[in-house]
4 protein chains.
Amino acid sequence: MSDDRKVKVAIVGASGYSGEELVRLLLGHPLVELSAVTSRQYAGQTLARVFPKFANHPRGRDLRFTEPNCELLGKAAQIVFLALPHGVAAEFAVPLLQAGCQVIDLSADFRLRSAAVYKDFYAHDHPAPELLAKAVYGMPELYRANIAGATLIASPGCYPTSIILPVAPLLKAGLVNPGGIIADSLSGVSGAGRKAELDYLFVECNESLRPYGVPKHRHISEIEQELSFAAGRPVIIQFTPHLVPVNRGILTTLYLAPARHFASEAELAELTAEIERAYQAAYGSQPFVRLLDGKALPDTKNVAGGNVIEIAWRLDPRSGRLVVMSAIDNLVKGASGQAVQSMNILSGFPETAGLL
Amino acid sequence: MSDDRKVKVAIVGASGYSGEELVRLLLGHPLVELSAVTSRQYAGQTLARVFPKFANHPRGRDLRFTEPNCELLGKAAQIVFLALPHGVAAEFAVPLLQAGCQVIDLSADFRLRSAAVYKDFYAHDHPAPELLAKAVYGMPELYRANIAGATLIASPGCYPTSIILPVAPLLKAGLVNPGGIIADSLSGVSGAGRKAELDYLFVECNESLRPYGVPKHRHISEIEQELSFAAGRPVIIQFTPHLVPVNRGILTTLYLAPARHFASEAELAELTAEIERAYQAAYGSQPFVRLLDGKALPDTKNVAGGNVIEIAWRLDPRSGRLVVMSAIDNLVKGASGQAVQSMNILSGFPETAGLL
Amino acid sequence: MSDDRKVKVAIVGASGYSGEELVRLLLGHPLVELSAVTSRQYAGQTLARVFPKFANHPRGRDLRFTEPNCELLGKAAQIVFLALPHGVAAEFAVPLLQAGCQVIDLSADFRLRSAAVYKDFYAHDHPAPELLAKAVYGMPELYRANIAGATLIASPGCYPTSIILPVAPLLKAGLVNPGGIIADSLSGVSGAGRKAELDYLFVECNESLRPYGVPKHRHISEIEQELSFAAGRPVIIQFTPHLVPVNRGILTTLYLAPARHFASEAELAELTAEIERAYQAAYGSQPFVRLLDGKALPDTKNVAGGNVIEIAWRLDPRSGRLVVMSAIDNLVKGASGQAVQSMNILSGFPETAGLL
Amino acid sequence: MSDDRKVKVAIVGASGYSGEELVRLLLGHPLVELSAVTSRQYAGQTLARVFPKFANHPRGRDLRFTEPNCELLGKAAQIVFLALPHGVAAEFAVPLLQAGCQVIDLSADFRLRSAAVYKDFYAHDHPAPELLAKAVYGMPELYRANIAGATLIASPGCYPTSIILPVAPLLKAGLVNPGGIIADSLSGVSGAGRKAELDYLFVECNESLRPYGVPKHRHISEIEQELSFAAGRPVIIQFTPHLVPVNRGILTTLYLAPARHFASEAELAELTAEIERAYQAAYGSQPFVRLLDGKALPDTKNVAGGNVIEIAWRLDPRSGRLVVMSAIDNLVKGASGQAVQSMNILSGFPETAGLL
């Protein structure tokens with residue numbers, strides 16, 4: 001395909017881990033051309049210089065980081081990805097939308113429908129509340145139709161992806177109670193971003209297992225919003241993130257209360273079948289959801305580098321609970337891959353283009 | 001102190017990870033002499049040959065592994081540690097007790113009071129049910145007085161230690177409901193033992209996060225037994241272990257339901273004070289329990305190599321739940337260190353001897 | 001491209017780490033169809049069952065491992081990759097060649113020109129010495145023309161790739177002495193293969209740095225063969241491999257003696273220019289060699305998953321030596337990627353097809 | 001032993017990795033009392049607050065970091081350890097010596113005999129050249145007698161320890177040539193210090209192998225100084241450090257040229273015996289040198305946490321070279337442990353006190 005027919009895309013903030021992963025995916029994408037990458041820190045340098053791994057791609061030696069400039073970006077690209085810190089992304093989204101670009105934001109700025117909830121969790125006023133109604137939550141398995149016509153996509157967070165996808169179909173089908181949901185997550189260190197802080201030094205993370213952000217992590221806000229939509233009523237969850245020594249990956253274990261008892265063998269069999277049907281109906285034909293069968297359980301190493309979520313579940317007759325487990329690559333299905341998946345839908349490309 | 005006045009101790013099965021750690025602790029213990037170590041695989045070789053790290057200790061070059069022989073062990077040692085697989089330990093305990101030794105068993109063989117529960121979880125008849133009533137569960141913080149006079153100590157498992165110690169005082173004080181307890185645990189790979197299996201190869205574990213043994217792990221049996229004792233009625237728990245790429249350490253996150261609501265600030269403050277009092281009463285003067293204060297949360301790297309358990313907790317007004325977190329070194333407080341702590345009590349030594 | 005026009009390829013021994021990596025590369029290759037994979041251990045199971053990571057590729061759910069059978073393989077595929085242990089590969093190569101297949105062998109069986117050297121290093125007679133003259137050493141940067149017309153390709157080892165590519169151009173240009181070459185290499189644990197041995201357990205490798213196979217590692221034989229060809233006279237090297245706790249990657253540091261002195265600034269500048277010219281002439285237009293410039297030094301994380309070798313070098317006026325450093329992914333440029341690169345040449349495909 | 005009879009010691013700069021390790025060793029030392037620890041960053045906080053791992057030691061809850069003040073330190077301690085960056089240590093050494101303290105400096109400030117060499121490698125004038133003649137290089141295996149009477153000890157660097165100890169006896173015995181020595185070293189990340197820099201983030205180090213500081217690392221200066229003393233004439237070495245993903249450990253591989261040929265079996269046997277004798281004479285009775293025999297090779301996991309250096313060697317008849325390998329814990333024998341060993345000698349304590 002000639003470059004003329006490719007859609008031009010740009011990345012604002014391409015030097016963090018999510019930005020770097022976006023570069024990787026977009027350089028390898030057959031239907032787009034990466035026309036601009038910005039970074040205040042690296043402006044003027046080639047991609048190849050900053051990320052040697054891209055030096056053997058032709059664009060790696062040509063493309064240079066620039067200072068972020070919305071006017072130029074608006075001319076250089078049809079679709080602009082924002083891989084920026086929370087609060088900063090909104091500053092770019094407004095002018096880029098006015099310039100006619102489609103914006104896919106990887107930050108949390110447009111994920112919440114409510115500016116009040118945003119303020120509660122992020123501790124400052126929302127920078128562009130008028131856009132909240134316009135933004136579409138970029139989780140294709142739940143919002144594919146909305147994404148197709150959107151101009152502003154709020155691409156989901158990594159923890160929320162690992163939690164919402166496994167739980168939403170069960171809530172929608174009324175198979176589990178909306179109350180008392182617990183999500184216990186383990187995250188690789190790239191989730192903390194490329195930040196020079198003592199807590200994320202190799203020596204501080206290697207041979208270390210630790211919870212953090214207990215009990216009110218910011219991601220809870222978007223998780224509860226989406227689970228509430230699925231349940232049709234307000235959902236409050238318990239969420240505990242942990243930092244563990246891997247580069248990539250989120251492993252989430254969910255504790256759910258089935259809506260009815262399953263004390264007998266027959267009840268157990270029936271509930272098992274219903275859960276299976278709910279998942280198959282929701283995800284049986286989705287290209288990036290892998291419903292594990294048999295004895296298989298999720299393992300982050302089986303999704304590393306890919307845009308897939310693995311899901312497995314077990315009913316526990318002893319406790320009366322349903323345990324659901326999921327694994328994703330936090331930088332791919334949890335960030336950049338999911339953003340590209342939304343781009344594919346937005347642009348009328350095959351949903352898996354550049355992602356298999 | 002001259003060697004004549006030291007108590008002679010032996011280890012049966014000293015070539016696994018727990019056995020190796022016992023060797024380390026006992027070689028460094030000022031009041032005992034390690035007089036025998038057995039290993040079928042390494043019989044005839046010196047400690048220094050099998051574990052080069054002990055080569056600079058005088059005993060490392062003298063002491064040789066022998067074939068396990070209860071008659072000889074009975075003569076060589078007053079106290080015998082069994083670091084053997086489940087089911088095998090009982091074969092040694094019976095003759096060693098008859099020979100007049102005190103036995104500290106690190107396997108699961110004598111941890112359960114009920115042979116029926118044993119069969120339910122371990123899938124075979126208990127090999128020596130007559131000893132179950134005699135054995136003392138070797139968790140000094142709960143059973144110090146019983147340990148002092150025991151001849152057979154069933155040293156607790158690593159997961160149970162990380163769960164029972166944080167939960168028991170809350171159940172005893174009636175501060176949390178015995179129903180609906182969830183324990184989510186992360187374990188380093190040494191917990192799987194020194195076994196040549198594909199699942200535990202470096203390449204299979206590095207950059208991997210995975211649950212296993214869901215939903216009915218064997219350790220549940222001893223956890224429920226001890227929590228039921230604490231609660232005064234049957235407790236059923238939900239437990240999910242995960243394998244994560246560290247050598248050592250267990251990090252457990254517990255989800256508990258406080259026995260009463262704490263919606264108002266005043267109720268929150270009161271419950272907070274009661275939990276604090278319960279923990280201080282139980283552990284304030286225990287040498288190996290570290291109750292974290294302020295913003296501190298447990299981290300396995302702060303307990304690695306030590307016999308300490310770190311405990312922190314947070315009440316979550318949003319969910320109405322209590323989240324308790326603990327960290328231990330699975331090979332020390334979760335196995336060999338706790339066994340030495342029991343030995344110290346048993347022998348009338350200072351409880352911290354050789355463990356600080 | 002329709003599947004009818006794709007070249008059919010098969011892998012014998014597809015369940016080891018190199019085999020798994022070949023599956024990944026060939027499933028993603030636009031010009032071939034993976035028509036058969038064999039594994040005694042997993043015969044009958046789908047790719048997706050054995051390697052969940054391939055479950056989202058259409059072939060992953062269709063293709064099943066079969067018992068290795070040369071007659072069937074000869075019909076199923078035009079090109080057969082052998083990812084088997086040393087000594088076993090030859091058993092398959094002979095009948096497959098007779099069946100008219102092109103064979104790309106990733107083992108050491110056909111890498112040496114001399115059956116006597118093979119016996120010296122592998123301690124048994126060569127199983128098919130008549131094929132040694134027929135085999136082409138599958139290092140495209142040195143033997144591209146020969147590979148194009150070959151029927152039997154001996155794909156190089158991982159250590160040799162990291163050593164021969166940096167050194168050969170310097171020897172050919174007469175810039176360094178053939179005597180006294182030292183190669184010091186670090187290897188990730190996947191280099192040891194997927195074998196259930198204690199030495200490669202997570203706990204034994206994590207936090208461990210160790211040399212092994214000193215001083216006569218088997219790979220020395222093919223390194224010396226190829227460096228001797230480059231130098232035009234016999235070369236004896238010193239080689240020390242080390243095992244370090246990463247999954248993938250080889251980092252090699254080479255110590256070479258420049259053929260002439262460079263005591264003065266002018267001599268240093270001249271020699272610098274000549275080395276630069278020699279590398280540019282050899283690799284300036286090679287798609288998979290990355291000659292680092294400026295202050296950059298090789299880092300295995302920059303080549304992980306890719307078919308690239310990074311090379312950097314420094315003249316040391318203090319010692320009079322040339323230090324050359326290289327990094328590859330041992331499973332890609334060091335094994336499966338290089339084999340696919342040879343397949344591309346052999347088949348008249350673009351050399352980078354499926355490898356960028 | 002009562003605290004009155006213990007020697008009072010202090011640490012200036014106790015919050016880095018070497019400082020933290022010194023705290024660990026001195027808290028566990030039976031003959032000293034840690035009376036002061038300084039840290040500008042943590043002044044006012046207890047040891048237990050900054051390093052939770054020390055919270056279960058009585059001193060951990062009492063002892064608070066203070067601002068560094070030489071006058072107070074001079075009163076508080078007889079022996080002061082300086083765990084400070086290069087260039088800063090000298091500022092403290094001068095007043096502390098004047099105050100009558102014995103100073104053990106872990107920085108490079110007093111390791112070189114020549115202020116000119118210091119300036120060549122550290123790029124600034126030496127801050128206190130008059131002290132260079134007074135300082136003793138704190139490597140007990142080579143300078144035990146001098147250490148006994150010293151007031152200023154320059155404790156060696158980690159790389160130098162791993163290189164000088166294996167090579168010095170061979171040079172002294174005239175068994176290897178002083179020319180052409182190559183040292184190739186791998187270092188754990190704690191060697192870079194507790195610094196918030198991107199290069200040392202977990203994600204940048206994990207799954208990464210990389211050389212650095214090629215070809216003129218600062219540690220070369222003290223290595224060459226000590227090897228020159230051993231050889232009796234100037235020695236120039238080639239040294240390449242590498243960063244590898246472990247917390248602790250240095251593994252060094254040395255390439256040496258024996259002073260005479262060993263082509264025949266008889267010559268090989270004779271040279272083997274002489275090297276063995278030289279090492280036995282130098283280290284056979286040293287408590288912290290472990291000369292490996294049989295097939296054993298050094299492994300950093302066997303020295304982690306201990307003050308030991310492992311040494312093994314192989315003569316290679318093919319290349320005519322001697323390969324010597326060593327392993328140490330960079331924070332113990334490579335820094336804090338060796339400093340405590342010097343303190344033991346200085347103070348007339350048993351050399352192994354607090355270090356076994």
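Here is how names work: the chains are called A, B, and so on, in the same order as the sequence lines, proteins then strands, and each is numbered from 1.
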Okay, V308(A) and chain C: the region with an atom under 4.5 Å from a heavy atom over there is side chain

Bottom line for P52(A): the part with an atom under 4.5 Å from chain C's heavy atoms is both

query: Would you say R40(C) has more than 12 foreign heavy atoms packed within less than 6.0 Å of its CZ?
result: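 Count not over threshold, so no.
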
_Can you confirm whether R144(C) is buried at CZ, in the sense that more than 12 heavy atoms of other residues, nucleotides or ligands lie under 6.0 Å from that atom?_
yes

R49(C)/D293(A) ion pair, N-O < 4.0 Å: yes

Per side-chain hydrogen bond (donor to acceptor under 3.5 Å, both in side chains), N56(A) is matched among E310(C), Q286(C), R290(C) by R290(C)

